[in-house]
Protein chains: 2
Amino acid sequence: MSLRHALLGFLNYGPHTGYELKKVFDVSVAHFWNAELSQIYPTLKNLETEGLVEMEVEVQADRPNRKVYSITEDGRRELLDWLTTPAEPDQVREALLIKVWFGSSVKKGEIIPVLEKRASELRERLAGYAAAAGFVREYTARTEMQSEALFWQLTMDAGIKHSQAHLEWIEDTIKTLEKMGESQFSTPPESLHKMHTKWRVETLEKLKAGAELAFRGTEPTTTG
Amino acid sequence: MSLRHALLGFLNYGPHTGYELKKVFDVSVAHFWNAELSQIYPTLKNLETEGLVEMEVEVQADRPNRKVYSITEDGRRELLDWLTTPAEPDQVREALLIKVWFGSSVKKGEIIPVLEKRASELRERLAGYAAAAGFVREYTARTEMQSEALFWQLTMDAGIKHSQAHLEWIEDTIKTLEKMGESQFSTPPESLHKMHTKWRVETLEKLKAGAELAFRGTEPTTTG
DNA sequence: TCCAACATGTAACCGGTTACATGATTCA
DNA sequence: TGAATCATGTAACCGGTTACATGTTGGA
């Protein structure tokens, strides 16, 4: 649960209400960590009962009162502690790869549009990053906020690099699939069954060692 | 929920028990889609009540009976339908990026070990991929299973490319941080507060348009 | 007139993980 | 002797999303 710590992080900049924090999330870290109001409100309440933040009510007429949260010394300690502790690798869950994995179960032409759809989404996203990056660069050049903006830039770079790599993979994959003959595809179920049985018994067994190194190797190294 | 469809995908190769399916997951798609037995069993039961799979009990002495599941025609239709429908972009959640985002809240030296830890994990992972890829190539060359293995190879390529991009970003980031002067760091809370207030009001407002394009642009295009 | 913004929340659900329960067999 | 494999499950929890509830103000 990093939402707690993300909230502490923003409150370390200064006091905010839950509503404000949602907006801050949306224009800053939303590309790698979304947060809903319905989750922010109870989380702030929890942080308060734990003594990591303090709340002050600002009475308002004709509107619900604002509940302004500030970080406490305990909260600041907790935040700095968390920030300097290595993060557990957040595990991947990519439905697209499942579709590719079972690509041999459908006709050749049918998996490519799925990839092309994702490719066009990624191109849009990269264009958006480019626009946002322009703003950041422009602003940083004219203010004394280089440090803050640098870290912002760094997380955007991560998003860009990730999107680019993903896009390249999709483009390569489409090319590979297009080069392939139609022959191996739409194998009738019975033969697929036989193939798989053999595949399972022979290949999977042999691959276990390599796979374990690749897929499990980093898991035990995780840290809170 | 792609677990349903992943299970259908493997059952389309041939009948399996839940226990077997877990093992198949572990040596094949675990690098991008983990599955626990405690989730597989009830999911299979659900698929059965929906008529997408059928179950046959194999009585065993001294062991719990094996429940062997097979895909039905309805299940096969559902699978092929899902496979050829574009995937919703599974949204990113990277705790490491939160730590980097708030990197200006800690002393310069303190965020680098966090990055280095992740870097070494990624190098391990890449070594594992290399080993597994070797096995796949070797085996594919000697069997008639090129098609199946190709799709396997493709998902591994995705993992490799992703890991490489992530690693490169980390290495670049470490270099950038090391090049920076100590000056901007450990800004005392009060000044940070002022900085952030200004930053929030001016920068965040201006960035909104760009950010929205980048971070929200692809969301409405999602499809189940 | 209608929608967005302000401002707070609760409740139901959902996919997934961790822990718990049972118990024989085989191999080191 | 003790761990791993075979084989099935349940229950509690957890982080997060979606839907629901309320009500004003100000601008297009």
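Lettering of chains follows the sequences in order, A, B, ..., and the numbering in each one begins at 1.
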Take the protein atom [atom1] of [X] and the nucleotide atom [atom2] of [N], then report the distance between them rounded to whole Å.
X      : N       : atom1 : atom2 : result
L44(A) : dT8(C)  : CG    : P     : 9 Å
L47(A) : dG15(D) : CG    : C1'   : 14 Å
Y69(B) : dA7(D)  : OH    : C1'   : 12 Å
E56(A) : dT8(C)  : CD    : C1'   : 18 Å
N46(B) : dC13(C) : CG    : P     : 15 Å
R66(A) : dC6(C)  : CZ    : C1'   : 10 Å
R4(A)  : dG15(D) : CZ    : P     : 9 Å
Y19(B) : dA4(D)  : OH    : C1'   : 9 Å

Does [X] put a side-chain nitrogen or oxygen below 4.0 Å from OP1 or OP2 of [N]?
X      : N      : value
Y41(A) : dG9(C) : no
K67(B) : dG9(D) : yes
Q60(A) : dA7(C) : yes
K23(B) : dC6(D) : yes

(message) Main chain of H5(A), side chain of S2(A): is a donor-acceptor contact present, judged purely on distance under 3.5 Å?
(response) no
(message) Under 3.5 Å, is there a donor on one side chain and an acceptor on the other for E36(A) and N34(A)?
(response) yes
(request) Please report the closest heavy-atom contact between T84(B) and V106(A), naming both atoms and the distance. (result) CG2-CG1, 4.3 Å
(message) Assess whether a salt bridge exists between E48(B) and K45(B), defined as any Lys/Arg side-chain N lying under 4.0 Å from an Asp/Glu carboxylate O.
(response) no
(request) Could you encode protein contacts along nucleotides 16-28 of chain C as a string, one character per nucleotide from 5' to 3', using B for base contact, S for sugar-phosphate-only contact and - for no contact, with a heavy-atom cut-off of under 4.0 Å? (result) SBBB----SS---
(message) Using side-chain heavy atoms (C-beta onward) and a distance below 4.5 Å, is F151(A) in contact with S105(B)?
(response) no
(request) May I ask you to check whether H166(B) and H162(A) place their ring centres under 6.0 Å from each other? (result) no
(message) How long is the straight-line distance from NE2 of H31(B) back to CD of E94(A), given to the nearest 0.5 Å?
(response) 10.5 Å
